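Small disclaimer: the values here were computed from a predicted structure and weren't measured.
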Amino acid sequence: MNGSDWYRASAPGKFVILGEHAVVYGKPAIVLAVDLRMEIAVRGSRYNTINGERIDFRRQPHLRYLTRNATGGLEFQTSSQIPVGSGLGSSAALSAALALALGEMEGRRMTEHELVEEAYEAELYAQGIGSPMDASACVHGGGVAVNLPESEGRHLWTVTRGDRTWSVSDVDVPDMTFVIGNTGIKAPTGPLVSKVKRFRDRSSFAMDIIDDIEQTTLQGSQAIARGDVEELGRLMTNDHKLLSILGVSSRELNKLVNASMPYSYGAKLTGAGGGGCMVALTDRPEKVCEAIRSRGGTPYVVKTGVPGAMMHP
Ligand code: PMV
């Protein structure tokens with residue numbers, strides 16, 4: 001192998017099935033990887049290019065961070081099925097795949113934990129905030145949980161930044177079909193997290209809601225372990241109600257959730273909210289897609305239980 005060989009890697013996108021926002025306050029959350037993937041190929045080159053264009057590193061902070069030790073130029077090719085900026089982990093998947101490919105190029109087989117640290121650091125460099133949930137799901141695939149009690153799930157790794165610690169464990173994911181509905185509205189995570197914080201600072205009622213989300217997530221973890229889709233769907237819908245009370249849903253998200261409900265075990269917003277995506281658990285994906293489309297959303301039928309970051313020949 002030499003610098004002009006291509007190194008190809010891919011990583012999956014993800015969605016939060018239960019526990020977003022509450023996780024900011026140390027509560028548990030569960031994230032599932034999906035079969036929408038980001039693929040990246042890299043090789044040595046005279047100039048730094050991505051998809052045939054010169055790289056502007058100010059616009060590509062993830063690339064800038066991950067290539068900080070590169071000694072020569074690099075040529076990248078990317079192709080992605082993950083919509084950008086909609087809470088489905090496109091930047092974490094890019095970081096995970098890139099960290100893996102660059103490591104291999106340097107002759108290093110990185111462990112999953114090393115990849116998570118590298119991808120998470122790239123996310124922090126680019127965005128300033130966030131938890132290692134996305135990076136963990138995109139690296140490991142399948143399902144991951146943060147802050148679950150030790151008795152549940154196999155412990156994978158602990159990530160620490162300053163005085164914050166996340167304990168990440170593996171979630172066994174049964175075969176399930178979800179439909180993700182993208183509102184097409186981009187809503188950055190930071191202001192929504194701040195909105196919940198303001199509510200919490202003003203009212204003890206908000207903390208009660210966060211505790212209710214915690215209980216819902218813990219019950220959801222058991223439902224996933226039993227493969228009980230009916231119970232899991234009910235808990236997802238309940239979580240959507242709780243997130244709505246916290247003020248992070250929107251008219252568009254509610255429209256897509258309501259439209260999906262007649263054909264689903266349950267549905268909820270996923271990720272930060274305000275816009276972005278919702279997700280429905282269903283065994284009638286075509287019906288849910290139609291309902292989402294008829295309300296102006298873009299549906300994606302996704303499978304879970306997919307592999308994490310991997311190299312390709
Ligand atoms: O925007 P996403 O899908 O990465 O989700 C954000 C999840 C929050 O709980 C709202 C914030 C966080 O950092 O955990």
With His240, the side chain to side chain contact (heavy atoms under 4.5 Å, CB included) member among Asn258, Asn254, Thr270, Val279: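 Passing option: Asn254.
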When Phe76 is tested against each of Ile55, Thr49, Asn51 for side chain to side chain contact (heavy atoms under 4.5 Å, CB included), which residue passes?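 Only match with Phe76 under side chain to side chain contact (heavy atoms under 4.5 Å, CB included): Ile55.
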Roughly how far, to the nearest 0.5 Å, is [atom2] of [Y] from [atom1] of [X]?
X: Thr111; Y: Trp157; atom1: OG1; atom2: CH2; result: 8.0 Å
X: Phe15; Y: Leu32; atom1: CZ; atom2: CG; result: 4.5 Å
X: Glu123; Y: Leu94; atom1: CD; atom2: CG; result: 9.0 Å
X: Leu100; Y: Glu112; atom1: CG; atom2: CD; result: 10.0 Å
X: Tyr263; Y: Lys287; atom1: OH; atom2: NZ; result: 5.0 Å
X: Glu20; Y: Ile30; atom1: CD; atom2: CD1; result: 10.5 Å

Can you tell me which residue among Asn147, Thr217, Asp211, Thr216 is in a side chain to side chain donor-acceptor pair (under 3.5 Å) with Lys27?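 It is Asp211, the one option of Asn147, Thr217, Asp211, Thr216 that forms the side chain to side chain donor-acceptor pair (under 3.5 Å) with Lys27.
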Determine whether [X] and [Y] fall in the same hydrophobic cluster, where Ile, Leu, Val, Met, Phe, Trp and Tyr are linked whenever their side-chain heavy atoms lie under 4.5 Å apart.
X: Val84; Y: Ile40; value: no
X: Val139; Y: Met105; value: yes
X: Leu36; Y: Leu281; value: yes
X: Val24; Y: Val196; value: yes
X: Ile185; Y: Val248; value: no

Candidate pair Thr158 and Val168, rule side chain to side chain contact (heavy atoms under 4.5 Å, CB included), full reasoning: CA-CA 6 Å; Thr158 300; Val168 181; over 6 Å; no
Keeping [X] on the side-chain end and [Y] on the backbone end, is there a donor-acceptor pair under 3.5 Å?
X: Ser203; Y: Arg200; value: no
X: Lys303; Y: Thr177; value: no
X: Thr237; Y: Gly233; value: yes
X: Asp239; Y: Leu235; value: no
X: Arg37; Y: Ser79; value: no

Hey, does [Y] have a side-chain heavy atom less than 4.5 Å from the side chain of [X]?
X: Tyr25; Y: Glu214; answer: no
X: Cys277; Y: Leu269; answer: no
X: Pro285; Y: Phe178; answer: no
X: Ser249; Y: Leu243; answer: no
X: Leu218; Y: Pro28; answer: yes
X: Gln81; Y: Tyr300; answer: no
X: Val146; Y: Ser167; answer: no
X: Thr183; Y: Leu253; answer: yes

So that I can tick it off, tell me whether [Y] and [X] are bridged by a salt bridge, with the cut-off set at under 4.0 angstrom between side-chain N and carboxylate O.
X: Glu39; Y: Arg8; answer: no
X: Lys14; Y: Asp134; answer: yes
X: Glu118; Y: Arg68; answer: yes
X: Asp56; Y: Arg59; answer: yes
X: Glu114; Y: Arg109; answer: no

Taking all heavy atoms of [X] and all of [Y], pick out the closest pair and write down the distance.
X: Gly274; Y: Ala187; answer: C-CB, 3.9 Å
X: Ile82; Y: Ser90; answer: CG2-CB, 3.7 Å
X: Ala93; Y: Cys138; answer: N-SG, 3.7 Å
X: Gly143; Y: Val173; answer: N-CG2, 3.5 Å
X: Leu74; Y: Gly44; answer: CD2-CA, 4.4 Å
X: Lys268; Y: Leu18; answer: NZ-N, 4.2 Å

Mind telling me whether Tyr125 and Tyr65 have parallel, tilted or perpendicular rings, with 30° and 60° as the class edges?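 Correct class here is tilted.
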In sequence, state the C-alpha distance, the side-chain angles, and the governing distance for Gln127 and Thr189, and then conclude on side-chain hydrogen bond (donor to acceptor under 3.5 Å, both in side chains). CA-CA 10 Å; Gln127 293 159 25; Thr189 302; over 6 Å; no
With [X], which residues qualify under salt bridge (charged side-chain N to carboxylate O under 4.0 Å, His left out), at least two apart?
X: Asp228; answer: Arg226
X: Glu252; answer: none
X: Glu290; answer: none

Please evaluate residues Leu98 and Leu63 with respect to the criterion side chain to side chain contact (heavy atoms under 4.5 Å, CB included), reporting the C-alpha separation (whole Å), side-chain torsions for both, the decisive distance (0.1 Å), and the verdict. CA-CA 8 Å; Leu98 194 53; Leu63 279 190; 2.9 Å; yes
Could you go through Val34 and Leu88, starting from their C-alpha distance and side-chain angles, then the distance that decides it, and tell me whether this counts as side chain to side chain contact (heavy atoms under 4.5 Å, CB included)? CA-CA 9 Å; Val34 296; Leu88 298 184; over 6 Å; no
Test log, rule side-chain hydrogen bond (donor to acceptor under 3.5 Å, both in side chains), inputs Ser169 and Glu152: CA-CA 8 Å; Ser169 52; Glu152 286 179 45; over 6 Å; no
In terms of heavy-atom contacts, does CG of Asp172 have more than 12 from other residues, nucleotides or ligands at under 6.0 Å?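 Incorrect, the count does not exceed 12.
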Apply side-chain hydrogen bond (donor to acceptor under 3.5 Å, both in side chains) to residues His155 and Asp170 and explain how you reach the verdict. CA-CA 6 Å; His155 180 260; Asp170 179 62; over 6 Å; no
Show the numbers, then the answer: is there a side chain to side chain contact (heavy atoms under 4.5 Å, CB included) between Ile50 and Gln77? CA-CA 6 Å; Ile50 183 161; Gln77 279 181 2; over 6 Å; no
Apply side-chain hydrogen bond (donor to acceptor under 3.5 Å, both in side chains) to Asp283 and Tyr265, showing your working. CA-CA 8 Å; Asp283 50 18; Tyr265 295 111; 2.5 Å; yes
